[in-house]
Amino acid sequence: MLSEPRSGRLAAWGNALLAGLVSPDDAVLAIVAEDAVHRLEGLPGEPVPVGLTLGLGRLRALGVTGLRVALPQPGHPLGLSGPPEFNARALEAEEAVVCHGAAFGLVPEVHEAGPDGDAHVEVVWRCLPVREAPPADVPSLGEAERELAEALREATEVLSQLDLAGSGPVAEAAIDAYRARTELGGEVLAPGYPPRAVRVLELARRVGLLVSLAYENGHGGAVSASEMAARGAALRPVERTARRAQVAAYNSVVEERERGVR
């Protein structure tokens with residue numbers, strides 16, 4: 001939840017490219033980030049994998065006008081619309097990009113190559129047919145922002161009640177450090193996104209940070225099995241809210257375009 005999903009980078013900068021707000025080179029650099037290379041495989045008319053620049057251009061030629069994000073988990077097909085084969089691959093990867101304007105979806109397959117200590121990451125985005133239908137369980141930006149404000153309060157209360165290391169000064173210090181890293185890292189979203197989307201995504205990451213702190217800092221005061229179960233039961237809906245908001249932020253450009261806002 002803390003790290004930016006590859007599907008988020010592809011959708012955000014792909015949308016900026018499709019809108020003519022960034023150059024292909026800038027979009028590709030932002031999408032690839034610290035990975036070595038990204039390719040698209042299975043595009044209609046392309047018998048072999050192609051690079052991002054050619055692949056995004058090919059998607060545009062096929063009628064794609066926007067890109068949405070899906071971040072599914074077992075029991076929660078967030079952002080998906082089918083069919084089963086695409087949903088299964090997206091669930092295995094825990095992320096996907098769904099095209100708007102043409103019935104295609106992209107699922108990342110991540111491979112590490114090279115010796116230990118000098119490995120590099122290669123990503124292949126597999127293109128598959130999707131069902132043209134509303135994505136599952138994606139809220140509007142306004143709904144996401146309201147839900148996140150409540151989720152942030154709930155997360156803090158839960159961590160305090162369970163006496164976990166994810167509340168109090170430890171959490172605040174981690175949040176401050178995360179904010180500093182984010183500011184040094186530049187833009188939260190690509191050009192063309194509304195300020196509210198940036199605000200929602202930042203808040204979603206903060207909520208996700210609190211949840212991660214709770215899961216990663218040992219048992220804290222929850223030493224019994226029942227207390228550990230209570231922690232998980234309390235944090236799962238908070239985590240789900242943060243993921244829903246994350247998807248809403250990445251998808252906001254396409255949603256506003258559909259409503260004729262932009």
Side-chain angles (χ1 to χ4, degrees), residues 4-46 48-71 79 81 95-108 123-130 132-135 138 140-142 144 182-183 185-202 204-205 245-262:
E4 184 179 24
R6 290 182 173 89
S7 56
R9 293 202 303 268
L10 177 58
W13 289 90
N15 282 327
L17 177 62
L18 290 169
L21 299 175
V22 297
S23 70
D25 288 345
D26 287 344
V28 169
L29 283 174
I31 293 167
V32 173
E34 297 180 357
D35 298 333
V37 65
H38 284 217
R39 297 185 179 89
L40 275 70
E41 182 174 337
L43 284 170
E46 300 293 344
V48 297
V50 299
L52 274 179
T53 302
L54 178 58
L56 290 170
R58 182 65 178 156
L59 287 173
R60 186 203 298 269
L62 290 167
V64 173
T65 58
L67 301 172
R68 288 187 172 104
V69 170
L71 297 177
S81 57
E95 62 176 317
V97 170
V98 180
C99 299
H100 177 67
F104 301 109
L106 307 170
V107 179
V123 180
V124 175
W125 293 90
R126 188 170 298 279
C127 182
L128 297 164
V130 297
E132 293 185 285
V138 179
S140 69
L141 273 179
T182 300
E183 289 171 1
E187 294 178 281
V188 175
L189 281 170
Y193 277 83
R196 192 174 202 177
V198 175
R199 187 167 66 245
V200 166
L201 185 57
E202 288 176 334
R205 290 177 177 178
Q246 196 174 20
V247 171
Y250 284 121
N251 295 3
S252 59
V253 166
V254 176
E255 304 303 335
E256 289 190 350
R257 194 175 301 149
E258 279 191 326
R259 296 197 308 268
V261 175
R262 301 185 69 83

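Given the structure is predicted, the values throughout are model-derived calculations rather than measurements. All values below were derived from every heavy atom in this structure, side-chain atoms included, with hydrogens, water molecules and symmetry-related copies excluded.
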Does any N or O in the side chain of Glu95 come within less than 3.5 Å of the main-chain N or O of Arg6, such that one atom is a donor and the other an acceptor? yes

Sequence-distant partners of Arg126, side-chain contact (heavy atoms from CB on, under 4.5 Å), two or more places apart: Glu41, Arg89, Glu109, Leu128

What's the separation between atom CH2 in Trp125 and atom CG in Leu43, rounded to the nearest 0.5 Å? 12.5 Å

Arg9 and Val32: which non-hydrogen atoms are nearest, and at how many Å? NH2-O, 3.8 Å

State, to 0.1 Å, how close Ala249 and Tyr193 come at their nearest heavy-atom pair, and which atoms those are. O-CE2, 3.3 Å

Just verifying a value: how many Å separate Arg39 CZ and Leu54 CG, rounded to the nearest 0.5 Å? 12.5 Å

Of all heavy-atom pairs linking Ala27 and Leu17, the shortest is CB-CB, 4.1 Å

For a 4.5 angstrom cut-off between non-hydrogen side-chain atoms, does Arg60 reach Leu18? yes

Cut-off 3.5 Å, no hydrogens considered: what does the side-chain donor-acceptor table look like for residues 63-71, sequence neighbours left out?
{"from": "Thr65", "atom 1": "OG1", "to": "His100", "atom 2": "O", "distance (Å)": "3.3"}
{"from": "Arg68", "atom 1": "NE", "to": "Glu255", "atom 2": "OE2", "distance (Å)": "2.8"}
{"from": "Arg68", "atom 1": "NH2", "to": "Glu255", "atom 2": "OE2", "distance (Å)": "3.4"}
{"from": "Arg68", "atom 1": "NH2", "to": "Glu258", "atom 2": "OE1", "distance (Å)": "2.9"}
{"from": "Arg68", "atom 1": "NH2", "to": "Glu258", "atom 2": "OE2", "distance (Å)": "3.1"}

Nearest heavy-atom pair of Ala133 and Ser81: which atoms, and what distance? O-CB, 3.6 Å

Are any of the side-chain heavy atoms of Asp26 and Ser23 separated by less than 4.5 Å? yes

Under a 4.5 Å cut-off applied to non-hydrogen side-chain atoms, are Gln246 and Val200 in contact? no

Answer yes if the side chains of Tyr250 and Asn15 hold a donor-acceptor pair under 3.5 Å, and no otherwise. no

Shortest non-hydrogen contact from Ala248 toward Leu141: O-CD2, 3.9 Å

CH2 on Trp13 to CG on Leu29, rounded to 0.5 Å: 9.5 Å

Rounded to the nearest 0.5 Å, what separates atom CD in Glu132 from atom SG in Cys99? 10.5 Å

With Leu106, the side chain to side chain contact (heavy atoms under 4.5 Å, CB included) member among Val98, Val124, Leu59, Val130: Leu59

So do the side chains of Pro194 and Ser252 get within less than 4.5 Å of each other, counting heavy atoms only? yes

Under 4.5 Å between any side-chain heavy atoms of Val123 and Val37, yes or no? no

Okay, side chain of Arg58, backbone of Leu40: is any donor-acceptor separation there less than 3.5 Å? no

Leu189 side, atom CG; Glu202 side, atom CD - distance, nearest 0.5 Å: 8.5 Å

Nearest non-hydrogen partners of Gly79 and Pro135, listed with the distance: O-CB, 3.5 Å

